[in-house]
Amino acid sequence: MRPERYNVRECEAKWRKAWADAEIFKTDNGDPRPKYYVLEMFPYPSGRIHMGHVRNYAMGDVVARYKRARGFNVLHPMGWDAFGMPAENAAMQNNTHPRTWTYANIDAMRAQLKAMGLSLDWSREIATCDPGYYKHQQKLFLDFLAAGLVARKKSKVNWDPVDQTVLANEQVIDGRGWRSGAPVEQRELTQWFFKITDYSDDLLSSLDRLDRWPEKVRLMQKNWIGRSEGLSIRFAVDPATLGPLKGEPQASELEVYTTRPDTLFGAKFMAVSPDHPLASAAARRDPALAAFVEECRRMGTSVAAIETAEKKGYDTGLKVLHPFDPEWRLPVYVANFVLMEYGTGAIFGCPAHDQRDLDFVHAYGLGVTPVVRPPEADPATFVIDKVAYDGAGVMINSRFLDGLTVDEAKEEVARRLEQMTVGGKPQARRQVNYKLRDWGVSRQRYWGCPIPIVHCWNCGTVPVKAEDLPVRLPEDVSFDQPGNPLDRHPTWKHVACPKCGEPATRETDTMDTFVDSSWYFVRFTDPHNASSADDPGIADHWLAVDQYIGGIEHAILHLLYSRFFTRAMKKCGYLNLDEPFAGLFTQGMVVHETYRGADGQWLAPSEVRVEAEGETRRAFALGGEGPVEIGPTEKMSKSKRNTVDPDDIISTYGADTARWFMLSDSPPERDVIWTEAGVQGAFKQTQRLWRLVCQIESVVGPDRPPAPARYGEEARRIRTLAHAALARIEDEIERLRFNVCVAAVYELANELSAAVGAIGEAPVADDLRAAFAEAGDILVHCFAPMMPHLAEECWETLGHKTFVSQSPWPVADRGLIVSSDVTYVVQVNGRKRGELRMDRDAAQERVERAALALDAVRRAMDNKRARRVIVVPHRIVNVVV
RNA sequence: GCGGGCGUGGCGGAAUUGGUAGACGCGCCGGAUUUAGGUUCCGGUGACUUAAAGUCGUGGGGGUUCAAGUCCCUCCGCCCGCACCA
């Protein structure tokens, strides 16, 4: 018989409606089964979903559907990261309100996601721009404030001149704003900060316990936090060199931070940052220094600027005393390579063992004295010339340190300096430093969560009362001029002080949108409240997220902020855990060829026809003339126009094909290349699977035979194939190796297809029918998490009245897979010469004899004696001659 | 510069974690069905010796081992992250 073609469009719509009507993906918090929380990073509602979303959500859905089948109470929610700049830009361009634009996008994208057939609990959908969401966030802000986790500080901040807002350090990429791409400027502003540095050590040390996170992400976070152990040393300034700075409090001593106190006898100079108070004080009396400081500030922070910048300094004329030699003076420079933000903003320079210091002394002729000799260096010839040595070794030229190792010398210097004093205080103390800075969250934007603070002339900064939350964004705003519409709104910011009742003004900054995404995974656990006050334990019940899936681009930003938030929420009594994401997976990008016409314009894949002639491929513009150049394969982007619209794919081939292809070709952590041929191939496979299931159904017949007591040989073989595939696919889904799952499904389908094809016209015995029925069920289960619509249609065809989406995962009979005989590979001197089928429990001796008796083995042994025979049970025999 | 990853057929990639290299898919070649194209089905497909039987083969070189894509050393190439962090 010839089965009908699987009608993708009708079937997919039918099953999606059936799932929705039966509400089978709705999650009940009270369900007693063990919980499993799968989450994919929620999207920004930009307008349309892209293929990256398809890949991300297809992966998450496989896990959700699989875990559901394995008997877990699965939470798999979706929401919208809905605040942000693009809504304001759209408002400016199209004269729409950001809210209107955002919600229209959400509606469009929700429809697209629904067309993918994802097993989401849509009843828990959230949008971060909903006052019902951000009122909790405002409460969190106030609780963090009360707990001492929020600070208001005046500081130098990264100012994005295009977006006209402040950016966090994490949001400055290569000296440019992460969104606008504009070179970031430094400005001094008063800002709200989350004190993420309170948790520097915890955030770092806990990384070790995140054993289900990619090593790469943990390393990136480790480097970002940037812990270093060192010594803070105070140097006394020689009063004779003070000159006009006499009496300046910041000029009597200079504190530096170093991780290399062992190199103190190699010191040649001191250097302070242009922003250091000492530099400022000296510059007030020295116009030339003031000009130098100004020049340093103008220097760019981009990669190119830093790489090409010369080490420059300005000699202040000040000198400090070497702690171990009262006669030894070190000159104090203001230097362009010293950062005020790290350590104390001042260093001592040891040129022999620090490349920057070496470059610096070469420019200013301050000399080089090596104090660490590498173990392999010849003492007679060892010198430092153009390359500093920063490795381990033995101390030289260092008086009482000579002969010690670097580590011993560090300890010795620390020990001595801790006991010495300068100005009545210990000269040095051990200190741990971090690169991590506090998280500045103030943004001078409208479309964000208002910071619930009132500024009062009498009372200072006053929190809005909890019962007055949320502080809502005003609706009547205009975007006809740059800047923050909240700031120039005629009435919104004028309120009575919550404390004294006098006229006061609201904080007009809104929160960084990364705050919104730092706790949304908590919000999903209970759609009715996010505070533990009403329903304690709900969040703790669901968290941590068992499997989180998203792009590597959030390795630091979102993932670090969320880890901080979880700790802060714990401190405030919301949660009782530290780590929000137990398992993390970062998936690769979707990439596509690029096309460029003769005029240099980018062409979209839909505007190009590609022809292959043997191994050469050529592209032509549709409806145009002239050659089209096929360019490199890159991340899908609007600018290169190499995007493919998921809607087009889904309407042409169906959601299952799109999902299947996204999962099939590449390992999930790697980039996947989108090709038309690949999608067509995936589509072909959906039809093949459908035909196979129809064939199986016709072999089994309408009445399923019960499982017989004994199976014949062929039936046993079929069962073994099915159970082996099932066991394999289980293991691979657990490891998120979806491409291997796909291959395993093909393998099983190929085998079953051959087996079905081998059946003639004669009636089929009951045991074989039973085996095929079982194998058919298993096959459908194996691809159901990936192609759920097709799986439902097949499930129904196989005579089931239930949803496969709700059916328990078949139990793989792993005993069945272990066959009674095994195949040994027989090698002579490590080269394969033959195969040997033996009983599973055959004694080693028998295996050895049988191997040596093989013709091919005897030929290869060439009449020599076997010197040794290695038998690895059930695997291999290696004859060594 | 520092840190990390990767390198397997024409292509995407498998390889029981030291035990048959190339599963599975794409592409290509041949055949069947078809008026034709498409679809579908069957067979082939790492290279070399035109067959048999072999030899070579996982970026290059070296090593450990009965046995190496897998472990070690070294060199080459590509990719990613960080950015003067004292």
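The basis for the numbers below is simple: all heavy atoms, side chains too, and nothing from hydrogens, waters or symmetry mates. Reminder, nothing fancy here: chain letters follow the sequence lines and each chain counts from 1. Keep in mind it's a predicted model, so treat the numbers as computed, not measured.
- Going from the C1' atom of U33(B) to that of U40(B) covers 8 Å, rounded to whole Å.
- G57(B) and A68(B) are spaced 11 Å apart, taking the P atom of each and rounding to whole Å.
- Within 4.0 Å (heavy atoms only), I870(A) reaches at least one base atom of the nucleic acid.
- Minimum atom distance to the side chain of E747(A) is reached by A23(B), of the listed G81(B), A23(B), U55(B).
- The aromatic ring centroids of W674(A) and F661(A) lie less than 6.0 Å from each other.
- Nucleotide C82(B) forms a Watson-Crick or G-U wobble pair with G1(B), both donor-acceptor distances falling under 3.5 Å.
- Contact annotation: Y257(A) does not reach the phosphate of A86(B) (side-chain N/O to OP1 or OP2, under 4.0 Å).
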Between F360(A) and D354(A), is a side chain to side chain contact (heavy atoms under 4.5 Å, CB included) present by the stated rule, with each step listed?
CA-CA 10 Å; F360(A) 188 76; D354(A) 183 294; over 6 Å; no

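- Nucleotides G30(B) and G22(B) have their C1' atoms positioned 22 Å apart, rounded to a whole Å.
- Distances were taken from every side-chain heavy atom of Y746(A) (C-beta onward) to each of C56(B), C24(B), U40(B); the shortest belongs to C24(B).
- When atom types are taken as modelled, the side chain of R430(A) and the backbone of G230(A) share no donor-acceptor pair closer than 3.5 angstrom.
- Classified by its glycosidic torsion, U17(B) falls in the syn category, the angle being within 90° of 0.
- Protein atom CG of N750(A) is 5 Å distant from nucleotide atom P of G25(B), rounded to whole Å.
- Rounded to the nearest Å, the gap between the C1' atom of U65(B) and that of G46(B) is 27 Å.
- A gap of 15 Å separates the P atoms of U58(B) and C11(B), to the nearest Å.
- Atom pair N829(A):CG and G54(B):C1' shows a separation of 16 Å (rounding to whole Å applied).
- Contact annotation: R356(A) side-chain N/O to C85(B) OP1/OP2 distance is under 4.0 Å.
- A donor-acceptor pair is defined here as one N or O able to donate and one able to accept, closer than 3.5 Å; no such pair exists between the side chain of H592(A) and the backbone of E634(A).
- Taking only side-chain nitrogens and oxygens, R868(A) comes nearer than 4.0 Å to OP1 or OP2 of C66(B).
- Across U20(B), A14(B), C82(B), the shortest atom-to-atom separation from the side chain of W224(A) is found for C82(B).
- Donor-acceptor pairing under 3.5 Å, judged by distance alone, is absent between the side chain of R875(A) and the base of U17(B).
- Distances from the side chain of Q827(A) to the nucleotides U20(B), U40(B), A14(B) place U20(B) closest.
- Annotation: G7(B) and G59(B) have their C1' atoms spaced 6 Å apart (nearest Å).
- Aromatic pair H322(A)/F265(A): ring centres closer than 6.0 Å.
- Contact annotation for R670(A): backbone-only contact, meaning every heavy-atom pair under 4.0 Å involves sugar-phosphate atoms and none involves a base.
- Between the C1' atom of C85(B) and the NZ atom of K435(A) lies a distance of 5 Å, rounded to the nearest Å.
- In this structure, F269(A) has its ring center no closer than 6.0 Å to that of Y364(A).
- Across G5(B) and C56(B), the matching P atoms stand 33 Å from one another, rounded to whole Å.
- For S228(A) and A86(B), the shortest distance from a side-chain N or O to OP1 or OP2 is below 4.0 Å.
- For Q685(A), whose side chain is taken as the heavy atoms from C-beta onward, the closest listed nucleotide among C24(B), G25(B), A14(B) is G25(B).
- Taking side-chain N and O atoms only, N433(A) has no distance below 4.0 Å to OP1 or OP2 of A86(B).
- Backbone-only contact: K684(A) has heavy atoms under 4.0 Å from sugar-phosphate atoms and none from a base.
- Here the separation of A15(B) from A32(B), taken at their C1' atoms, is 34 Å to the nearest Å.
- In this structure, the CD1 atom of I673(A) is 14 Å from the C1' atom of G27(B), given to the nearest Å.
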